[in-house]
Enquirer: 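Here it is: the structure, laid out below.
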Amino acid sequence: MANTYDVIIIGSGPGGYIAAIRSAQLGLKTAIVEREHLAGICSNWGCIPTKALLRSAEIFHYAEHAKNYGLKVEGSVTADLKAIVARSRGIAERMNGGVGFLMKKNKVDVIWGEAKLTKPGEIVVSKTTKKPVEPQAPLPKNTLGEGTYTAKHIIIATGARPRALPGIEPDGKLIWTYFEAMKPEEMPKSLLVMGSGAIGIEFASFYRTMGVDVTVVEVMSQVMPVEDTEISNFARKQFEKQGMKIILDAKVTKVEKAANSITAHVEKKDGKVEKITADRMVSAVGVQGNIENIGLEALGIKTDRGCIVIDGYGKTNVAGVYAIGDVAGPPMLAHKAEHEAVICVEKIAGLPNVHPMDKAKIPGCTYCNPQVASVGLTEAKAKAEGYDVRVGRFPFVANGKAIALGEDQGMVKTVFDKKTGQLLGAHLVGAEVTELIQGFVVAMNLETTEEELMHTIFPHPTLSETMKESVLDAYGRALNA
């Protein structure tokens, strides 16, 4: 039957489209349902286009500080906001079209519309109410539409959306989500960012680098609360040196709107309230899974705190129904969704030796300035779990490549189990650390001890040498500090 498949995936974000490709590679007849834009939030509104904005800000920063590198720029450096946004949106379109090409290449049918589970093994697709992103790459020629579709296996990969606090809901004009923050019509003179997780601090970093007066309000006692405290504190000092104002242990309790500005009531730990006026405000208080109106209740699929409950292979409590990515819970990261997708599909296909997701080995990256990256346990969590730890640290200021780059503000921190030498966690802050962290991820997956890391030859001169030196420092053997 034309509308019958082995696997149907609902949602074409990083989890969904990777699941579709792997399913097709394994010889399963596959279809993917999308209601808004191929490639999902990550490629259209998140991971990729935000990095395009941050890259523009980085180049702007270097141009402004050209004299530090022995260069002379004639006249003042100015930013063309429309061109910056257009470049970012163009990259989103390229990613969008790229996923369409991959669906065609792998003979995956694309079904355009809103999917709803009606019974095990069946979905009904209705006309989408969502407006496509602009610019929208042309849809693949193998695109289908409304109707009833059946499959032995249905994977839910519907992603997540910005969370809104009651009374402080984004309005798209004065209070932004990441959607509006990515394509401002004009650059505000001042910006208040509510929340200092990855989304909040990346936008704070972009706008500050572009010359905006930025204030960050965080309810926890440190910026980037999931990171190691020492790394967080180091990053915070760099943010403040750049002119960013950071208010910790505080929450926005009320927002008053004027014609072209907001005034936020910020309640601090001691109960005192500070009023902060800014042109715009970014609400970055997390995301929530898209679990509504897809038929979960009718099938009795379990959810918990807004996410679908799954096992290590993506299985829900209902046979033949699976969930992956943001909708299946934290950490809400694209690379977690992609890996989860492969695990789920390979388990469906009956491949041997499929390992369940190990969330302890999922790296986290934040692309602010300076960058932050980590994997595994923080020092505090390792101690809380009963480990007797060895901790190594190495500063970028003692690394030749960092000095040559003019990027000597950073550090690498490693946490080991003193008893076994097991690498429990690695935490980095500084230039390009999001490219370095994978070395530690590989080491942890290979169950590498400190001895193997010490005997590994790292190339010179590179930033990666700080990684080995941090390991050496944990055992009192650092050579360059």
Side-chain angles (χ1 to χ4, degrees), residues 50-80 84 87-88 187 198 201-214 216 223-224 227-228 230-246 365-374 392-414 426-440 458-473 478-481:
T50 55
K51 304 311 162 284
L53 293 179
L54 287 162
R55 178 62 168 168
S56 292
E58 182 181 34
I59 299 300
F60 181 69
H61 170 78
Y62 285 136
E64 282 197 314
H65 296 83
K67 65 179 181 181
N68 294 344
Y69 299 88
L71 303 174
K72 187 175 181 180
V73 175
E74 298 290 346
S76 61
V77 179
T78 58
D80 184 340
I84 290 171
R87 176 177 182 270
S88 174
M187 192 66 77
I201 211 67
E202 284 184 9
F203 278 117
S205 191
F206 167 73
Y207 279 97
R208 180 64 206 123
T209 303
M210 299 306 296
V212 176
D213 183 7
V214 174
V216 177
V223 293
M224 295 177 287
E227 301 295 344
D228 183 90
E230 192 172 357
I231 297 296
S232 171
N233 289 341
F234 187 103
R236 177 191 172 187
K237 288 178 183 178
Q238 298 306 309
F239 299 150
E240 290 175 334
K241 281 183 182 178
Q242 296 162 14
M244 200 181 295
K245 182 180 179 182
I246 297 174
C365 296
T366 307
Y367 299 81
C368 44
N369 180 25
Q371 294 180 5
V372 175
S374 61
R393 301 171 181 83
F394 194 80
F396 274 33
V397 74
N399 174 264
K401 180 66 177 294
I403 295 169
L405 291 174
E407 301 286 359
D408 64 357
Q409 293 304 300
M411 68 176 289
V412 177
K413 178 177 181 178
T414 44
H427 310 275
L428 297 75
V429 56
E432 299 304 329
V433 297
T434 57
E435 299 292 343
L436 300 180
I437 189 63
Q438 193 58 27
F440 284 126
F458 283 69
H460 175 81
T462 63
L463 295 174
S464 69
E465 291 173 279
T466 60
M467 299 165 67
K468 180 174 180 177
E469 289 278 11
S470 176
V471 176
L472 291 170
D473 183 64
L479 298 170
N480 286 286

Enquirer: Measuring from Phe394:CZ to Leu479:CG, what's the distance to the nearest 0.5 Å?
Expert: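 Phe394 CZ to Leu479 CG: 8.5 Å, rounded to 0.5 Å.
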Enquirer: What is the minimum heavy-atom distance between Val216 and Ala204, and which atoms define it?
Expert: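 Closest pair (atom of Val216, atom of Ala204, distance): CG2-CB, 3.8 Å.
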Enquirer: Hey, what do you get for NZ (Lys413) to CG (Asp228), rounding to the nearest 0.5 Å?
Expert: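 Reported value, rounded in 0.5 Å steps: 3.5 Å.
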Enquirer: Would you say Arg236 and Met244 make side-chain contact, with heavy atoms under 4.5 Å?
Expert: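 Arg236 vs Met244: side chains apart.
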Enquirer: Are Thr209 and Glu58 close enough that some pair of their side-chain heavy atoms sits under 4.5 Å apart?
Expert: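 Side-chain contact under 4.5 Å: no.
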Enquirer: Side chains of Ser232 and Glu227: is there a donor and an acceptor less than 3.5 Å apart?
Expert: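 No, no side-chain donor-acceptor pair sits under 3.5 Å.
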Enquirer: What closest approach, in Å, do Ile231 and Leu428 show between heavy atoms, and which atom pair accounts for it?
Expert: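 Smallest interatomic distance, heavy atoms only, reads CG2-O, 4.0 Å.
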Enquirer: Looking at every non-hydrogen atom in both residues, tell me the closest pair between Arg208 and Asp213 and how far apart they are.
Expert: NH1-N, 4.2 Å
Enquirer: How far apart are the closest heavy atoms of Ala52 and Arg87, and which atoms are they?
Expert: O-NH1, 3.3 Å
Enquirer: Could you tell me whether the side chain of Leu405 reaches within less than 4.5 Å of the side chain of Leu463, counting heavy atoms only?
Expert: yes
Enquirer: When you measure from the side chain of Ser205 to the backbone N and O of Asn369, does any donor-acceptor pair fall under 3.5 Å?
Expert: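 Answer holds: yes.
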Enquirer: Contact between Ile84 and Met210 at the side-chain level, heavy atoms closer than 4.5 Å - yes or no?
Expert: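 Yes, side chains in contact.
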Enquirer: May I ask you to decide whether Lys468 forms a salt bridge with Glu465, counting only side-chain N to carboxylate O separations under 4.0 Å?
Expert: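 So Lys468 does not pair with Glu465 through a salt bridge.
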Enquirer: What closest approach, in Å, do Leu436 and Met467 show between heavy atoms, and which atom pair accounts for it?
Expert: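 What the structure gives for the nearest pair is O-CE, 3.4 Å.
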Enquirer: Return yes when atom CZ of Arg393 has more than 12 non-hydrogen atoms of other residues, nucleotides or ligands closer than 6.0 Å, and no otherwise.
Expert: yes
Enquirer: Output the distance between atom CD (Gln409) and atom NZ (Lys237), rounded to the nearest 0.5 Å.
Expert: 10.5 Å
Enquirer: So how far is it from Leu54 CG to Ile59 CD1, rounded to the nearest 0.5 Å?
Expert: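 Atom-to-atom, Leu54:CG and Ile59:CD1 are 12.0 Å apart.
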Enquirer: Measuring from atom CZ of Phe396 to atom NZ of Lys401, what distance do you get when rounded to the nearest 0.5 angstrom?
Expert: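 It comes to 10.5 Å.
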Enquirer: Return the minimal non-hydrogen interatomic distance between Asn480 and Glu469, and the atom names on each side.
Expert: ND2-OE2, 2.5 Å
Enquirer: Quick one: are Gln242 and Pro370 in side-chain contact, heavy atoms under 4.5 Å?
Expert: yes
Enquirer: Is the backbone N or O of Thr462 less than 3.5 Å from a side-chain atom of Asn399, with the two atoms forming a donor-acceptor pair by type?
Expert: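 Side chain of Asn399 to backbone of Thr462, a donor-acceptor pair under 3.5 Å: yes, one is there.
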Enquirer: Heavy-atom distance under 4.5 Å between the side chains of Cys365 and Ile437, does that happen here?
Expert: yes
Enquirer: Is there side-chain contact between Ile246 and Phe239, with at least one heavy-atom pair below 4.5 Å?
Expert: yes
Enquirer: Measure from the side-chain N and O atoms of Ser470 to the backbone N and O of Thr466, and report whether any donor-acceptor pair falls under 3.5 Å.
Expert: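 Flag not set: sc Ser470 to bb Thr466 has no pair under 3.5 Å.
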Enquirer: Do the side chains of Thr50 and Phe206 get nearer than 4.5 Å, heavy atoms only?
Expert: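 Phe206 does not reach Thr50 side chain to side chain.
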Enquirer: Mind checking the CZ-NE2 spacing from Phe440 to His427? Nearest 0.5 Å is all I need.
Expert: 10.0 Å
